[in-house]
Amino acid sequence: MSTLADIISCISDYDPDALPVARAKEVIRSFVTPISGVETLSLRSSLDRVLAEDIVSPINVPAHDNSAMDGYAVRAADLASDKPVALLEIGVALAGKEFNAEVGAGQCVRIMTGAVMPRGTDTVVIQEVTAAEGGHITIPPGQEHGQNRRLAGEDLRKGGSALRAGTLIRPAELGMIASLGIAEVSVRRRLRVAFFSTGDELRSIDDGGRPAGEQLGAGEVYDSNRYTLHGVLTRLGCEIIDMGVVRDDPVLLEAAFRKAAQLADAVITSGGVSVGEADYTKQMMAKLGEVVFWKIAMRPGRPMAFGRIQADGNNAYLFGLPGNPVAVMVTFYHFVRSALLFMMGRADTEPPLFPVKAQMDLRKRPGRTEYQRGILEHRNGEWTVRLTGAQGSGILRSMSEANCFVVLGHEQGNVKAGDPVDVMLMDGLV
Ligand code: AMP
Ligand code: MG
């Protein structure tokens, strides 16, 4: 296992006090490793889990050549390209009930969608273009050899790789696996993630918090970060360990970090990494493991701690996020999420960015990455984006109103209304 110091020494122009987003992601990605635990689940319970092994198709899907339409199964060799042809109807093939005889020259079989192609036939003519008279079916010219026929194995070929390890099992995969006749799948165990909020000013609604509407004491705020983290981690499918609020007290904090390291694969904290507070956190982390403190060239966000801590022989990756509620969500989505997905064994971890037209001018300083909160909407025949209101890092409403991030890259400067900007949909992010 390489150390964080090793990894950092390989990063060119590493500056912890002005670290570009791409560099921070690079360090995180190089340091975290996927969990190895695997479990076998019944197909339905594997929804939203990550495949631990490739699935090799034990059969051809479909198993037989079959019809894609209702109509007549014919021999293309019998048809003429310039005039109608009359064929003798000798039987019917239904889905699940094959026509079990050879079809000879000049003959055809009525066939339903999904029915196995009768021996000798290779083409299906849809019912609507045919005419039946006295036991004969008239087929118009212009049919193509092999039309309206599904070939055995055209969806999945026997012995071929149907799904790769690292694939997220979504509804489509459930159906695909079922179509192979497989009832149990091997998936990675759930990732265990512990999290807590730090801060003397925090009140918790579920731990001596005051009923809604009652006044907070001077300087107090309700702890909201633990709720957003509960939400994102639950939706990511993690096994969550909510450790509550921990006061800004080195002894209590150290105990909390030790417990988290014992219990979890990853630990996420909020608060306590900003300039004023980082000093004692740094001293404590030096005792617990290897943790670096960064000022990332981004907005919102900036301060963040990352590393690995140990307790009782168990290791946990640590993500020390800033305290401001929007900064927590932004750093979670843009750093922690993909790291956790990678730890879960997912092959794909980066959500797509795509350009749309900015509805308004956007102010942006080159030299940092910005994640502004946007509303993607269809206007005058095209997709456009505008910002939600105030973009302060404490204004959680800007996240709630948004349906996308407007991602303004490190080098990007001001944006003019009408210019394209990259957006990242929040829906796909959970
Ligand atoms: P810190 O990073 O600890 O200096 O916190 C930065 C700001 O975020 C302060 O205004 C804190 O009160 C606020 N904050 C920290 N933790 C939370 C939390 N769990 N819920 C809501 N606000 C918080
Ligand atoms: Mg604090």
Side-chain angles (χ1 to χ4, degrees), residues 16-17 19 24 193-234 240-257 259-260 264 266-285 291-307 318-337 368 371 373 390-402:
D17 290 325
L19 194 63
V193 184
F195 59 102
F196 55 88
S197 296
T198 70
D200 286 336
E201 76 282 26
L202 299 181
R203 279 204 151 260
S204 177
I205 57 164
D206 53 12
D207 178 24
R210 296 174 199 181
E214 239 183 80
Q215 289 219 317
L216 292 165
E220 289 181 341
V221 293
Y222 284 116
D223 170 17
S224 60
N225 292 340
R226 220 150 40 83
Y227 295 84
T228 46
L229 287 174
H230 169 94
V232 289
L233 292 168
T234 301
I240 58 175
I241 304 164
D242 182 344
M243 296 178 55
V245 173
V246 179
R247 302 280 143 218
D248 289 321
D249 169 330
V251 175
L252 295 178
L253 280 168
E254 184 174 334
F257 278 113
K259 184 174 164 203
V267 183
I268 302 175
T269 62
S270 72
V273 292
S274 54
V275 176
E277 297 178 307
D279 288 347
Y280 65 85
T281 327
K282 275 184 188 167
Q283 286 172 18
M284 177 193 335
M285 290 300 167
V291 176
V292 288
F293 285 74
W294 288 332
K295 292 192 190 80
I296 300 176
M298 68 184 285
R299 198 161 103 151
R302 227 163 108 77
M304 186 174 146
F306 170 68
L318 171 81
F319 300 89
L321 308 185
N324 275 309
V326 179
V328 167
M329 295 199 78
V330 168
T331 47
F332 181 89
Y333 281 140
H334 298 282
F335 295 96
V336 186
R337 176 185 175 276
R368 67 184 184 202
Y371 300 94
R373 277 75 69 203
Q391 298 283 304
S393 66
I395 301 176
L396 206 44
R397 186 155 54 88
S398 69
M399 283 295 297
S400 173
E401 288 173 355

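These numbers were taken from a predicted model, which means no experiment stands behind them. Order of appearance sets the numbers: ligands from 1, and atoms from 1 within every ligand.
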J.: Can you tell me which residue and heavy atom of the protein come closest to atom 10 (O) of ligand 1, and the distance to 0.1 Å?
T.: Asn324 OD1, 4.2 Å
J.: Does ligand 1 have a heavy atom under 4.0 Å from the side chain of Val273, from its backbone, from both, or from neither?
T.: neither
J.: If you count the atoms of ligand 1 from 1 in the order shown, which ones are under 4.0 Å from a heavy atom of Glu277?
T.: 1 (P), 2 (O), 3 (O), 4 (O)
J.: What atoms of ligand 1 come closer than 4.0 angstrom to any heavy atom of Glu201?
T.: 11 (C), 12 (O), 15 (C)
J.: Can you tell which part of Arg226 has a heavy atom less than 4.0 Å from ligand 1: side chain, backbone, both or neither?
T.: neither
J.: Applying the ring pair (Phe, Tyr, Trp, His ring centres under 6.0 Å) criterion to Phe306, which one of Phe293, Phe319, Phe335 satisfies it?
T.: Phe319
J.: Taking only residues two or more places apart in sequence, or in another chain, which ones meet Thr228 in a side-chain hydrogen bond (donor to acceptor under 3.5 Å, both in side chains)?
T.: none
J.: For side-chain contact (heavy atoms from CB on, under 4.5 Å), just list the numbers for Val326 and Arg373, CA-CA rounded to whole Å, side-chain angles, deciding distance to a tenth of an Å, and then say yes or no.
T.: CA-CA 10 Å; Val326 179; Arg373 277 75 69 203; 3.6 Å; yes
J.: Starting at CZ of Phe196, measure out to CG of Leu229 and round the result to the nearest 0.5 Å.
T.: 11.5 Å
J.: Please report the interatomic distance CG(Asp249) to CD(Glu254), rounded to the nearest 0.5 Å.
T.: 10.5 Å
J.: Just do the side-chain contact (heavy atoms from CB on, under 4.5 Å) check on Thr269 and Val246 with the steps written out, would you?
T.: CA-CA 10 Å; Thr269 62; Val246 179; over 6 Å; no
J.: One residue to check: Ser197. Relative to ligand 1, which of side chain, backbone, both or neither has a non-hydrogen atom less than 4.0 Å away?
T.: side chain
J.: State the atoms of ligand 1, each with its element, that fall below the 4.0 Å cut-off from a heavy-atom position in Tyr222.
T.: 20 (N), 21 (C)
J.: Measuring from the Mg ion (ligand 2), name the closest N, O or S atom belonging to Glu277.
T.: OE2
J.: Does Gly199 come within less than 4.0 angstrom of ligand 1, counting non-hydrogen atoms of the residue?
T.: no
J.: Name all residues meeting the side-chain hydrogen bond (donor to acceptor under 3.5 Å, both in side chains) criterion together with Asp248; count only those two or more places apart in sequence or in a different chain, and write none if there are none.
T.: Tyr280
